[in-house]
Amino acid sequence: MTPRIVFFVSDQTGVTAETLGHSLLTQFDGQEFTHVTVPFVDSVDKAEAVVLKIDAAAREAEARPIVFSSLVKDDIRAVLGRCDGLVIDFFDAFLAPLESELGMQSSHTLGRGHGMADTQSYNQRIEATNFALANDDGTTTRHYQEADVILVGVSRSGKTPTCLYLAMQYGVYAANYPLAEDELESGQLPRSLMAYRNKLFGLTIAADRLRQIRKERRPAGQYSSAPQVRFEVSAAERIFKKYAIPFVDTTEFSIEEIASTILNQAGVERRVR
């Protein structure tokens, strides 16, 4: 099947168009897509340039391009609407019903979604990201009293990327602590974590998947051997159960799904939305 060309067009970073567009495209199994993201289309001239690009793709392809748009300004959206593609306009789809329901016109202001319009929210995410980086991989535990959640698990189970996602997306102060060999063998939580048991959340992963990940990083040696990986996963889960630490299996989960599960099960409040 020939891949369909998909454009994500935005007047800001393109995150909204990409996120919503990808969610819709995943519903079509077997169809391949070629993604083209065009951010910062914030003028009529830029919109006209994008239309030329889309029209050229339409002439070269067997099927017209699909265009996901999160443009805010009416004049810019009107230009994009003239392209030779299927335009799915998120603001047109969602703002009109909201305006009708709320009985008022939207502001059509740029940057409200992912920009600098909310400085306090932006600063909160930056501070949370700095916290995640400073408290990564158990390098220090002296700031754990400030953490909203502390992720624990074996190496390469997804702790660091999840902490960073929680920080950048929700402003959550997330630290992570990798369970070491002596802790796994003894089945005991380290003393440094005992005072923060109510903040702990475990990550586990299927042994086969963990071994695959580790072999990509360090293919030789005990670190990625099948017996070692199976031991670490089972030992970590025994610790979680012994200390009643809630945990999630990350094997089939995306970072977004892992983060959402943690927030929901641990009752962690999102600092920004």
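Positions are given from 1, in the same order as the sequence printed here.
Here the straight-line distance linking atom CD of E62 with atom CD1 of I5 works out to 10.5 Å at 0.5 Å rounding. With rounding to the nearest 0.5 angstrom, the CD1 atom of I213 is 8.5 Å from the OG atom of S157. If you take OG1 on T129 and CG on L166, they are separated by 10.5 Å, rounding to the nearest 0.5 Å. Taking CG of L98 as the start and CD of Q105 as the end, the distance is 12.0 Å to the nearest 0.5 Å. Atoms CD and CG, on E48 and D45 in that order, are 5.5 Å from each other to the nearest 0.5 Å. A distance of 9.5 Å separates CG of L179 from OG of S186, quoted to the nearest 0.5 Å.
Note: the hydrophobic cluster containing V38 also contains L71 (ILVMFWY, side chain heavy atoms under 4.5 Å, direct or indirect links). Linking Ile, Leu, Val, Met, Phe, Trp and Tyr whenever their side-chain heavy atoms come within less than 4.5 Å leaves Y144 and L151 in two separate clusters. Residues V172 and I255 are members of one and the same hydrophobic cluster, defined by side-chain heavy-atom contacts under 4.5 angstrom among Ile, Leu, Val, Met, Phe, Trp and Tyr. Residues L193 and F247 are members of one and the same hydrophobic cluster, defined by side-chain heavy-atom contacts under 4.5 angstrom among Ile, Leu, Val, Met, Phe, Trp and Tyr. L203 and I239 fall into different hydrophobic clusters, where Ile, Leu, Val, Met, Phe, Trp and Tyr are joined by side-chain heavy atoms under 4.5 Å apart, directly or via other members.
A cation-pi arrangement, defined by a distance under 6.0 Å to the six-membered ring centre and an angle within 45 degrees of its axis, is present between R270 and Y170.
Looking at S10, its side chain never comes within 3.5 Å of a backbone N or O of S70 through a donor-acceptor pair. Side-chain N or O atoms of T250 include none that pairs as donor or acceptor with a backbone N or O of F253 at under 3.5 Å. Using a distance-only test at 3.5 Å, with no hydrogens or angles considered, a donor-acceptor pair links the side chain of S224 to the main chain of R218. With D42 contributing its side chain and D11 its backbone, the two residues share no donor-acceptor pair below 3.5 Å. One N or O on the side chain of R197 and one on the backbone of Y243 form a donor-acceptor pair closer than 3.5 Å. A donor-acceptor contact shorter than 3.5 Å is absent between the side chain of E99 and the backbone of M104. The closest donor-acceptor contact from the side chain of R217 to the backbone of R156 lies at 3.5 Å or more, if one exists at all. No donor-acceptor pair under 3.5 Å is formed between the side chain of T19 and the backbone N or O of T16.
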Donor-acceptor list for residues 257-265 side chains, cut-off 3.5 Å, not counting sequence neighbours:
{"unit_1": "E257", "atom_1": "OE1", "unit_2": "S254", "atom_2": "N", "d": "2.8"}
{"unit_1": "E257", "atom_1": "OE1", "unit_2": "S254", "atom_2": "OG", "d": "3.3"}
{"unit_1": "T261", "atom_1": "OG1", "unit_2": "E257", "atom_2": "O", "d": "2.8"}

Residues 78-91 side chain polar contacts: donor-acceptor under 3.5 Å, at least two apart:
{"unit_1": "D89", "atom_1": "OD1", "unit_2": "F91", "atom_2": "N", "d": "3.1"}
{"unit_1": "D89", "atom_1": "OD1", "unit_2": "D92", "atom_2": "N", "d": "3.0"}
{"unit_1": "D89", "atom_1": "OD2", "unit_2": "R77", "atom_2": "NE", "d": "3.0"}

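Taking 4.5 Å as the limit, every side-chain heavy atom of Q169 sits out of range of all side-chain heavy atoms of E256. No side-chain heavy atom of K199 sits less than 4.5 Å from a side-chain heavy atom of V149. With contacts defined as side-chain heavy-atom distances shorter than 4.5 Å, the pair P246/F201 qualifies. The side-chain heavy atoms of R214 and V154, taken from C-beta on, include a pair separated by under 4.5 Å. E127 has its side chain out of reach of Y122: every pair of non-hydrogen atoms, C-beta onward, lies at least 4.5 Å apart. Considering only heavy atoms from C-beta on, E146 comes within 4.5 Å of H143 through its side chain. Looking only at side-chain heavy atoms (C-beta outward), K159 and P178 come within less than 4.5 Å of each other. Considering only heavy atoms from C-beta on, K53 comes within 4.5 Å of F7 through its side chain.
T141 and S192 get closest at one heavy-atom pair: OG1-CB, 3.9 Å. When all heavy atoms of L210 and S155 are compared, the pair lying nearest together is CD1-O, 3.4 Å. Nearest heavy atom pair, residue R125 against residue M168, reads CD-O, 2.7 Å. The nearest pair of heavy atoms linking F240 to G153 is CZ-CA, 4.1 Å. Taking both residues in full, the closest heavy atoms of A47 and I76 are given as CB-CG2, 3.7 Å, listed atom of the first, atom of the second, then distance. Taking all atoms of both residues into account, the shortest heavy-atom contact from A207 to V229 is O-CG1, 3.2 Å.
A donor and an acceptor atom, one from each side chain of T251 and D249, are located under 3.5 Å apart. Side-chain polar atoms of Y223 and E232 form no donor-acceptor pair below 3.5 angstrom. Counted by atom type alone, Q222 and E181 present zero donor-acceptor pairs between their side chains at under 3.5 Å. Defined by atom type and a distance below 3.5 Å, a donor-acceptor pair is present between the side-chain atoms of Y177 and E183. Remark: the N176 side chain and the D136 side chain contain an N/O donor-acceptor pair separated by less than 3.5 Å.
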Please test Q120 against V272 for side chain to side chain contact (heavy atoms under 4.5 Å, CB included), starting from the C-alpha separation and ending with a verdict. CA-CA 9 Å; Q120 182 177 354; V272 297; over 6 Å; no
Evaluate side chain to side chain contact (heavy atoms under 4.5 Å, CB included) for R211 paired with R230, printing each intermediate quantity in order. CA-CA 9 Å; R211 187 177 183 224; R230 286 196 298 267; over 6 Å; no
Side chain to side chain contact (heavy atoms under 4.5 Å, CB included) for K242 and Q188? Distances and angles first, verdict last. CA-CA 9 Å; K242 177 179 179 179; Q188 303 292 323; 2.7 Å; yes
The test is side chain to side chain contact (heavy atoms under 4.5 Å, CB included); show your working for I54 and V67 and say whether it passes. CA-CA 8 Å; I54 294 171; V67 183; 3.8 Å; yes
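Other residues, nucleotides and ligands place more than 12 heavy atoms under 6.0 Å from the CD atom of E185. Surrounding CD of E216 are more than 12 heavy atoms belonging to other residues, nucleotides or ligands, all under 6.0 Å away. By the neighbour-count criterion of 12 heavy atoms within 6.0 Å, atom CD of E101 is sparsely surrounded, having that number or fewer from other residues, nucleotides or ligands. More than 12 heavy atoms of other residues, nucleotides or ligands shown are found within 6.0 angstrom of CG on D137.
The aromatic ring centroids of F8 and H35 lie less than 6.0 Å from each other.
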